[in-house]
Amino acid sequence: MINKFFFTIFLILFLNHCGFSPIYVGNPKEIIVSKSEIIGDKNLAFDLERKLNFKKDEKNLNAYTFKAQIFDTAETSLVDTRGIATEEIIKLTVSYQFQDRNGVVVYQDSITKDKRVTVTDNLPNNALVKNNEKKLLLDSIIQNILFKSKVSDRKSTRLNSSH
């Protein structure tokens, strides 16, 4: 019992003085965007802008311009003995950048996600399945964009404030 008590105190003191700090403490800085320009499939572009949900303020001098391009492809990955595709790989890529008010690229990245889907003779069903999978891939990409943009914004804020 006494050993557990001393171990707990030791652990607390050690973690307080070793440089450890939790990642998600405090209010994350909100990304402010003056405008968004998204090129690609209209439905995916609409979902991307809606789900990113950046705060919009066209008059803010520190606001970014968000530019993105969405590319989606499907390629056959498995063919049966008759030569008919039975599986496809759906690939979704979002290339994006944040620009400051002078048009200088502050941060840019490209994220690609893919998913293997079964293809049947039912064309309307195939289209529905592919669209649903694209939306799931886009959701995953959006989470990456949000995380990376907040991390890079913190780094650029630290760099700018240290000068």
Side-chain angles (χ1 to χ4, degrees), residues 14-78 85 87-119 123-163:
F14 177 75
L15 288 179
N16 282 336
H17 299 288
C18 73
F20 170 80
S21 64
I23 294 175
Y24 297 111
V25 172
N27 294 334
K29 187 173 180 184
E30 191 171 347
I31 304 295
I32 301 171
V33 173
S34 61
K35 66 180 177 177
S36 296
E37 299 172 10
I38 302 173
I39 301 169
D41 179 272
K42 287 189 294 185
N43 294 328
L44 293 175
F46 177 77
D47 280 351
L48 177 65
E49 186 166 12
R50 184 176 56 84
K51 290 179 179 177
L52 282 173
N53 197 25
F54 290 133
K55 181 178 180 185
K56 292 214 175 187
D57 185 355
E58 295 178 11
K59 296 177 183 174
N60 188 328
L61 297 177
N62 294 321
Y64 300 108
T65 299
F66 177 76
K67 294 185 176 186
Q69 282 188 300
I70 300 174
F71 305 98
D72 62 314
T73 60
E75 59 188 53
T76 302
S77 66
L78 190 61
E87 282 188 359
E88 288 186 354
I89 297 176
I90 297 172
K91 193 177 289 186
L92 190 65
T93 301
V94 176
S95 298
Y96 67 96
Q97 59 183 227
F98 290 92
Q99 296 178 351
D100 66 11
R101 68 174 183 215
N102 299 320
V104 176
V105 176
V106 176
Y107 182 77
Q108 68 181 13
D109 196 5
S110 182
I111 302 171
T112 301
K113 300 280 181 178
D114 59 61
K115 173 80 177 186
R116 188 178 301 263
V117 295
T118 302
V119 178
L123 295 179
N125 186 49
N126 289 344
L128 184 63
V129 168
K130 288 179 189 179
N131 286 336
N132 286 338
E133 291 299 332
K134 286 178 190 178
K135 287 185 179 196
L136 291 173
L137 292 173
L138 184 64
D139 287 346
S140 177
I141 290 172
I142 288 169
Q143 293 304 313
N144 286 351
I145 291 172
L146 289 172
F147 178 75
K148 288 181 177 184
S149 62
K150 287 180 182 178
V151 168
S152 66
D153 191 49
R154 286 184 190 157
K155 287 180 183 176
S156 66
T157 303
R158 282 190 204 139
L159 292 174
N160 292 338
S161 64
S162 65
H163 290 294

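Because only heavy atoms are used, hydrogens play no part in the values below, and waters and symmetry mates are left out as well, while side chains stay in. Residue numbers start at 1 and run along the sequence shown. For clarity, every value in this text was computed on a predicted model and none was experimentally measured.
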Can you tell me if Lys56 has over 12 outside heavy atoms packed within less than 6.0 Å of its NZ?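 Correct, the count exceeds 12.
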Close side-chain approach of Phe66 and Ile38, heavy atoms under 4.5 Å: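 The answer is yes, as the side chains (C-beta and beyond) meet within the 4.5 Å cut-off.
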Identify the heavy atoms of [X] and [Y] that sit nearest to each other, and give their distance.
X: Ala63; Y: Val33; value: CB-C, 4.0 Å
X: Leu52; Y: Ile142; value: CD2-CG2, 3.9 Å
X: Lys134; Y: Asp72; value: NZ-OD2, 2.6 Å
X: Lys91; Y: Thr112; value: CG-CG2, 3.6 Å
X: Ser95; Y: Ser110; value: OG-OG, 3.0 Å
X: Val94; Y: Leu138; value: CG2-CD1, 4.1 Å

Would you please name every residue forming a side-chain contact (heavy atoms from CB on, under 4.5 Å) with Lys130, sequence neighbours left out?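 Partners of Lys130 under the side-chain contact (heavy atoms from CB on, under 4.5 Å) test: Glu88, Ile90.
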Can you check whether Asn43's main-chain N or O pairs, donor with acceptor, with Asp41's side chain at less than 3.5 Å?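 Indeed, once roles are kept as given, a pair shorter than 3.5 Å links the two residues.
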Residues that Lys51 engages under side chain to side chain donor-acceptor pair (under 3.5 Å), provided they are two or more places apart: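 Lys51 satisfies side chain to side chain donor-acceptor pair (under 3.5 Å) with Asp139 only.
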Hey, can you tell me if Phe98 and Tyr64 have their rings parallel, tilted or perpendicular (30° and 60° cut-offs)?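 Because their plane-to-plane angle is over 60°, the rings of Phe98 and Tyr64 count as perpendicular.
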